[in-house]
Visitor: 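The structure under discussion is supplied below as structure tokens; questions concerning it will follow.
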Amino acid sequence: MSTTGGTARIDVVVPVYGGWAHVEECLRSLRAQTSPVNVFVVDDVSPDDTPDRVARGFPEVTLLRNRVNSGFATSCNNGIRAGAAPYVVLLNSDVIAEPSMAADLLATFDAADGRTGSVSPVLSDREGNVDAYGTCADVTLAGYVRWHGVSSLPADAARRAPVNLGPYGALAAYRRAALDDVGLLDENIFMYGEELELSLRLAAGGWTSLPLPRVLGSHIGGASAGVESPRQRYLSAFGRAYTLRVYDVLRSRHAARTVLTELVVVGARLVLRRDVASLRGRVAGWRAGRGVPHRRRPATGLDRGITFTQSLRMRGDGFWQGLAAAPSGTDGDGRSLTPQA
């Protein structure tokens with residue numbers, strides 16, 4: 001049962017931008033939790049009557065209303081600040097949580113080291129395939145959704161390369177003390193890439209992320225911006241360029257690889273798809289990073305074994321399926337992988 005009485009140990013923050021049908025499903029799944037949770041719904045000026053329906057149908061939740069459309073990161077932060085529980089779960093409004101989600105996350109945090117800043121559970125899609133099992137990043141700070149699209153995880157997926165950096169934003173669990181230490185989501189990033197940037201700060205601050213090989217929710221995906229829509233591509237590119245600038249990657253020893261990667265990725269979209277959204281988003285993100293104090297790159301958490309070629313393959317379909325089918329300790333091409341902690 002959901003509660004806002006302050007006795008629960010988990011605050012669940014659900015950013016909302018319209019879409020009552022999937023919002024209702026999400027909130028019903030939180031109402032059915034076997035362990036109590038405090039639910040904070042943050043409406044980002046929905047274009048429909050979703051917030052009013054939430055108020056009528058789920059009086060037990062705390063409903064917050066943004067005055068202006070501010071984006072995913074700001075909405076999440078508003079919800080986090082409204083709560084006080086020792087653990088925080090960010091949950092997309094198009095995710096149906098498993099009844100044991102809160103209980104499983106609490107048990108994981110309770111058994112973990114005190115420097116475990118986040119937990120990265122498995123999220124499925126509505127067909128039962130893996131949508132995400134945390135995220136990873138290469139030395140250029142490019143992020144990837146781990147195990148996306150595989151029908152089932154290999155038994156050793158929790159420890160296989162590429163190494164887990166942090167949780168996927170659609171269902172992400174954090175220790176509040178870790179967020180108090182490094183700060184909340186960067187509100188300069190409207191949507192897409194904000195959880196990766198937070199994971200980089202957590203890793204730089206000495207906090208780790210624990211992979212949890214258990215499905216704790218199912219995800220529609222793209223309910224707000226649309227899967228592979230121009231808006232989604234623009235916002236994703238914005239977050240990428242913004243992160244490059246604030247972490248000063250182009251002044252690092254990985255600058256040449258970063259520039260080559262960006263030329264290949266953006267060039268391919270321009271030539272093959274006639275897509276200018278990715279270019280426009282990168283230009284805007286780079287400009288937005290101007291004047292933001294540079295941040296420290298994490299010494300741990302990045303997967304330094306991801307090669308340039310592999311990083312390109314990880315952006316396309318089939319990489320994770322190949323890795324899942326490969327013998328333990330090898331990549332999808334049969335080459336040896338360095339074991340990851």
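Reckoned from all heavy atoms, side chains included, excluding hydrogens, waters and symmetry mates.
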Visitor: With sequence neighbours excluded, what pairs up with Val122 under the side-chain contact (heavy atoms from CB on, under 4.5 Å) test?
Guide: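 Per chain and number, Val122 pairs via side-chain contact (heavy atoms from CB on, under 4.5 Å) with Val130, Tyr133, Leu153, Val215.
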Visitor: Could you walk me through whether Asn77 and Ile80 pass the side-chain contact (heavy atoms from CB on, under 4.5 Å) test, one step at a time?
Guide: CA-CA 5 Å; Asn77 288 350; Ile80 294 170; 4.2 Å; yes
Visitor: Is it true that Arg282 and Glu262 make a salt bridge, defined as a side-chain N closer than 4.0 Å to a carboxylate O?
Guide: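 Between Glu262 and Arg282 there is a salt bridge, with a charged N closer than 4.0 Å to a carboxylate O.
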Visitor: Side chains of Tyr87 and Leu106: does their closest heavy-atom pair fall under 4.5 Å?
Guide: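 Yes - at least one pair of side-chain heavy atoms lies under 4.5 Å apart.
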Visitor: State, with a plain yes or no, whether a side-chain heavy atom of Leu171 is found less than 4.5 Å away from one of Asn92.
Guide: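 They are not in side-chain contact.
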Visitor: Applying the side-chain contact (heavy atoms from CB on, under 4.5 Å) test to Ser209, which of Asn164, Thr135, Val119 qualifies?
Guide: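 Only one option passes, and that is Asn164.
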Visitor: Any sub-3.5 Å donor-acceptor pair from Arg313's side-chain atoms to Phe308's backbone N or O?
Guide: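 Checking the backbone N and O of Phe308 against the side chain of Arg313, no donor-acceptor pair under 3.5 Å is found.
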Visitor: Could Arg214 and Asp104 be called an ion pair, given the rule that one side-chain N must be under 4.0 Å from one carboxylate O?
Guide: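 Result for this pair is yes, salt bridge flagged.
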Visitor: Under 3.5 Å, is there a donor-acceptor pair between the side chain of Asp43 and the main chain of Arg65?
Guide: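 Judged by distance alone, no pair lies under 3.5 Å.
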Visitor: Check Asp11 with Arg176, please: is the shortest side-chain N to carboxylate O separation under 4.0 Å?
Guide: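 Salt bridge present between Arg176 and Asp11.
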Visitor: Name all residues meeting the side chain to side chain donor-acceptor pair (under 3.5 Å) criterion together with Arg296; count only those two or more places apart in sequence or in a different chain, and write none if there are none.
Guide: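 Per chain and number, Arg296 pairs via side chain to side chain donor-acceptor pair (under 3.5 Å) with no residue.
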Visitor: Once the angle between the rings of Tyr168 and His219 is folded into 0 to 90°, is it parallel (under 30°), tilted (30 to 60°) or perpendicular (over 60°)?
Guide: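 Tyr168 and His219: perpendicular rings.
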Visitor: For residues 76-92, which residue pairs qualify under salt bridge (Lys or Arg N to Asp or Glu O under 4.0 Å), counting only residues two or more places apart or in two chains?
Guide: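 Sorted pair list: Arg81-Glu187.
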Visitor: Give the C-alpha distance, both sets of side-chain angles, the deciding distance and a yes or no for side-chain contact (heavy atoms from CB on, under 4.5 Å) between Met314 and Cys136.
Guide: CA-CA 11 Å; Met314 291 171 72; Cys136 58; 3.9 Å; yes
Visitor: Quick check on the hydrophobic clustering: are Ile96 and Val23 connected, directly or via other members, by side-chain heavy-atom contacts under 4.5 Å?
Guide: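 No, it is not one cluster - the side chains of Ile96 and Val23 are not joined through contacts under 4.5 Å.
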Visitor: Can you confirm whether Ile189 sits close enough to Glu197 that some side-chain heavy atom of one is under 4.5 Å from a side-chain heavy atom of the other?
Guide: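 Of all side-chain heavy-atom pairs linking Glu197 with Ile189, at least one is under 4.5 Å.
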Visitor: Starting from the C-alpha separation in whole Å, work towards a yes-or-no answer on side chain to side chain donor-acceptor pair (under 3.5 Å) for Asn129 and Ser124.
Guide: CA-CA 5 Å; Asn129 299 313; Ser124 72; over 6 Å; no
Visitor: Parallel, tilted or perpendicular: which describes the rings of Tyr242 and Phe238, with under 30° parallel and over 60° perpendicular?
Guide: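 Geometry flag for Phe238 against Tyr242: parallel rings.
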Visitor: Linking I/L/V/M/F/W/Y whenever any side-chain heavy atoms sit under 4.5 Å apart, do Val265 and Leu196 land together?
Guide: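 Shared cluster, no.
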Visitor: CG/Leu64 to CG/Asn66 distance, rounded to the nearest 0.5 angstrom?
Guide: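 Between Leu64 CG and Asn66 CG, I get 8.0 Å after rounding to 0.5 Å.
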Visitor: Between Ser252 and Arg257, does a side chain to side chain donor-acceptor pair (under 3.5 Å) hold up when you go through it step by step?
Guide: CA-CA 10 Å; Ser252 73; Arg257 172 174 165 176; over 6 Å; no
Visitor: Would you please test Val39 and Thr62 for side-chain contact (heavy atoms from CB on, under 4.5 Å) and show each step?
Guide: CA-CA 6 Å; Val39 180; Thr62 298; over 6 Å; no
